[in-house]
Amino acid sequence: MAEDLVLDTAIRDWVLIPLSVVMVLIGILRYFVSKLMRSSNQVPDPKMVKEGQVIIRARNLRAAANYIPAKSFRARRVYFNNEENGLLYVPKGQAQNPQAQMFSDPNMAMDMMKKNLSMIIPQTLTYAWVNFFFSGFVAAKIPFPLTQRFRSMLQNGIDLSTVDVSYVSSRSWYFLNLFGLRGLFSLILGEENATDDTQRMMQMSGFGFDPTKSLGAEKDSLDIVQHEWALPKFERRAEAVLKKLVS
Amino acid sequence: MVSKTEEEQVNRLEGQVENGGGGEWEYLCLVRKLKLRRSFNVLKYGLSILNNPKKRSALGSEEWTLYEQVAIAAMDCQRLDLAKDFIKILAEKFPESKRVGRLEALLLEAMDLWEEAEKAYSSLLEDNELDPVIHKRRVAMAKAQGNISGAIEWLNKYLEIFMADHDAWRELAEIYVSLQMYKQAAFCYEELILSQPTIPLYHLAYADVLYTLGGLENLHMAKKYYASTTDLTGGKNTRALFGICLCTSAIEQLTKGRNKDDKENSQLASLSATALEKDYKQRAPNKVSLLASTLRSLKLSS
């Protein structure tokens, strides 16, 4: 039943291109608005900074453990993982605190709200706009065949069940743009732009636990590390190098 | 660390500007990005741009960054009058700015008004507890006044918070070495090796400290680290080669009569001796005899 539908070029001119252009413009607008709205007082929390640094140091220790003598490595490991006052040790009771703290701290909550809003509102508005204007017709054809399962997702406005699933509605074009323009934005706006929704969403979900969980994770991985001093190997390698040099 | 291409670029631009071929703004931007300390050049070219009103307005909002950069360069070259003018201009434009506050405190430091500078830095820190630049300035001030133990104290406090700052560890290591507190220096160098294991400089410094500490175990370790330095630099580091020879002879002296691992050691030591001789023949032929006699006295050369 795969008849080839011929799509009017007017669809391309008046649907696909304007939609992409509008999304790019909205993205740029969002970037500038978020820059303006960002509170200038971004005082980093001392505890957070310290924890971040501790994690970096612990990670370095794990990565290069084989380059320092065994004694120093063990001493450092105890320093980090010591039950009482080790840097990475977090007693169970405190694990819940960061998240509760986050929501009770008005400043941080406001910041998060602002960031969330600047993400969600344009997205919602654009989605509603797309739905209102560009629904009920086939917008594009996906170049590869799909199974019937995708029908409900991709062909929302189209009420014909006989149309091939590769023909999609403009809603799916909207979603494609949403995720795909991230690369374009990082070209135009440079790194760290506010349009990085998906990344931000992933960060959001992990935020509250970030310090304590990663500390615990670092501690465990540090416990596992087996120290194998690489330096004797280096002596042999130096010999080889010198032999080549001298000969 | 500055990469090789960037270094070449800077040198090329420097040559170009010195010979009057334009490109001053790019040079200044590059120096600022790489945080190099070419204060004389920065001052000269920055002044030429700033005193020329046409060029200055062409910079637009970057003008203020240039003011900051030239002010710091002026302070470095002891042109305090110029620095004061620039800072005044900046303060007029950006009142109540932390960055300008930092510059003003820096000017107080340059004028040797230590207590005022200290007060200024403390007040700045009250606003923003975690400004690494201010912490480092405090350490620098203590060091400049000759108060080394104070410098150590501030540096330790800084490192408690910012543990991953390898420049700070390096500074601390050098201070400890200057005070002959070798065990602490060894600890700092270990931190440096951990964070950047492929830089031969840290291996070399660590080996030096271990050799200075002495003791059989430390000598063995020092030899291994000299070997790793040799490996990382492809055998070209003369100091490491000397280190290997010295360590081997010192170990031999300490273990007189006990023949442990004889085969491996002698190969490494004799190889490094030969490499040294070859190097000297190429680069300093009149010192070869001196080298030969030294090595003979260490019982290494045949």
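A, B, ... follow the sequence lines: proteins, then strands. Residue 1 opens every chain.
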**Q** Are there over 12 heavy-atom neighbours, none belonging to B:Glu174, within less than 6.0 Å of that residue's CD?
**A**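 Check passes, neighbour count above 12.
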**Q** With a 4.5 angstrom heavy-atom cut-off, is it the side chain or the backbone of B:Tyr189 that approaches chain A, or both, or neither?
**A**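 Neither part, no heavy atoms under 4.5 Å.
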**Q** So how far is it from A:Ser72 OG to B:Glu191 CD, rounded to the nearest 0.5 Å?
**A**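 It is 10.0 Å, given to the nearest 0.5 Å.
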**Q** Measuring heavy-atom distances to chain B, does A:Ala65 have an atom under 4.5 Å in its side chain, in its backbone, in both, or in neither?
**A**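 Only the backbone of A:Ala65 comes within 4.5 Å of chain B.
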**Q** Heavy atoms only, distances under 4.5 angstrom: which of B:Ser272, B:Ala227, B:Ala186 has the most pairs with chain A? Name it, please.
**A**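 Option with the top pair count is B:Ala227.
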**Q** CG of A:Leu61 to CE of B:Met163: how many Å apart, nearest 0.5 Å?
**A**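 So the CG of A:Leu61 and the CE of B:Met163 are separated by 11.5 Å.
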**Q** Excluding sequence neighbours, so at least two apart, what forms side-chain contact (heavy atoms from CB on, under 4.5 Å) with B:Ala240?
**A**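 Checked B:Ala240 against side-chain contact (heavy atoms from CB on, under 4.5 Å); matches are B:Leu204, B:Tyr226, B:Thr229, B:Thr230, B:Asn237.
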**Q** Can you list the residues of residues 206-215 of chain B that sit under 4.5 Å from chain A, counting heavy atoms only?
**A**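 Heavy-atom contacts from residues 206-215 of chain B to chain A are B:Tyr206.
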**Q** Going by the rule ring-ring contact (aromatic ring centres under 6.0 Å, His included), which residues pair with B:Tyr176 if we only count those two or more places apart in sequence or in a different chain?
**A**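 ring-ring contact (aromatic ring centres under 6.0 Å, His included) list for B:Tyr176, sorted by chain: empty.
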**Q** Check whether more than 12 heavy atoms from other residues, nucleotides or ligands sit under 6.0 Å from atom NZ of B:Lys93, and answer yes or no.
**A**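 Counting neighbours around NZ of B:Lys93, 12 or fewer heavy atoms of other residues, nucleotides or ligands fall under 6.0 Å, so no.
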**Q** Checking heavy atoms, do the side chain of B:Asp165, its backbone, both or neither come under 4.5 Å from chain A?
**A**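 For B:Asp165, the contact with chain A is made by the backbone alone.
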**Q** If you count heavy atoms of other groups shown closer than 6.0 angstrom to CH2 of A:Trp14, is the number above 12?
**A**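 Atom CH2 in A:Trp14 is not packed in, count stays at 12 or less.
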**Q** Begin with the C-alpha distance, continue with both residues' side-chain angles, and end with the deciding distance and a verdict on side chain to side chain contact (heavy atoms under 4.5 Å, CB included) for A:Gln53 and B:Glu160.
**A** CA-CA 9 Å; A:Gln53 298 268 319; B:Glu160 256 177 38; over 6 Å; no
**Q** Can you pull out the residues in residues 15-22 of chain A with any heavy atom less than 4.5 Å from chain B?
**A**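 Listed by number, there are no contacting residues, so the answer is none.
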**Q** Run the numbers on B:His203 and A:Tyr67 for side chain to side chain contact (heavy atoms under 4.5 Å, CB included), then give the verdict.
**A** CA-CA 9 Å; B:His203 288 253; A:Tyr67 286 94; 4.1 Å; yes
**Q** If I measure from the heavy atoms of chain B, does A:Arg76 come under 4.5 Å with its side chain, its backbone, both, or neither?
**A**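 Only the side chain of A:Arg76 comes within 4.5 Å of chain B.
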**Q** Between CG of B:Leu192 and CD1 of A:Ile68, what distance do you get to the nearest 0.5 Å?
**A**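 One gets 11.5 Å once the value is rounded to the nearest 0.5 Å.
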**Q** Is the NZ or CZ atom of A:Arg57 positioned over B:Phe162's six-membered ring, under 6.0 angstrom from the centre and within 45° of the axis?
**A**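 Not satisfied by the 6.0 Å and 45° rule.
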**Q** In this structure, which one of B:Met221, B:Glu217, B:Lys224 forms a side chain to side chain contact (heavy atoms under 4.5 Å, CB included) with A:Pro69?
**A**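 Of all the options given, the one that passes is B:Met221.
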**Q** Closest heavy-atom contact between B:Ala164 and A:Ile56?
**A**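 Shortest heavy-atom contact: CB-CG2, 3.6 Å.
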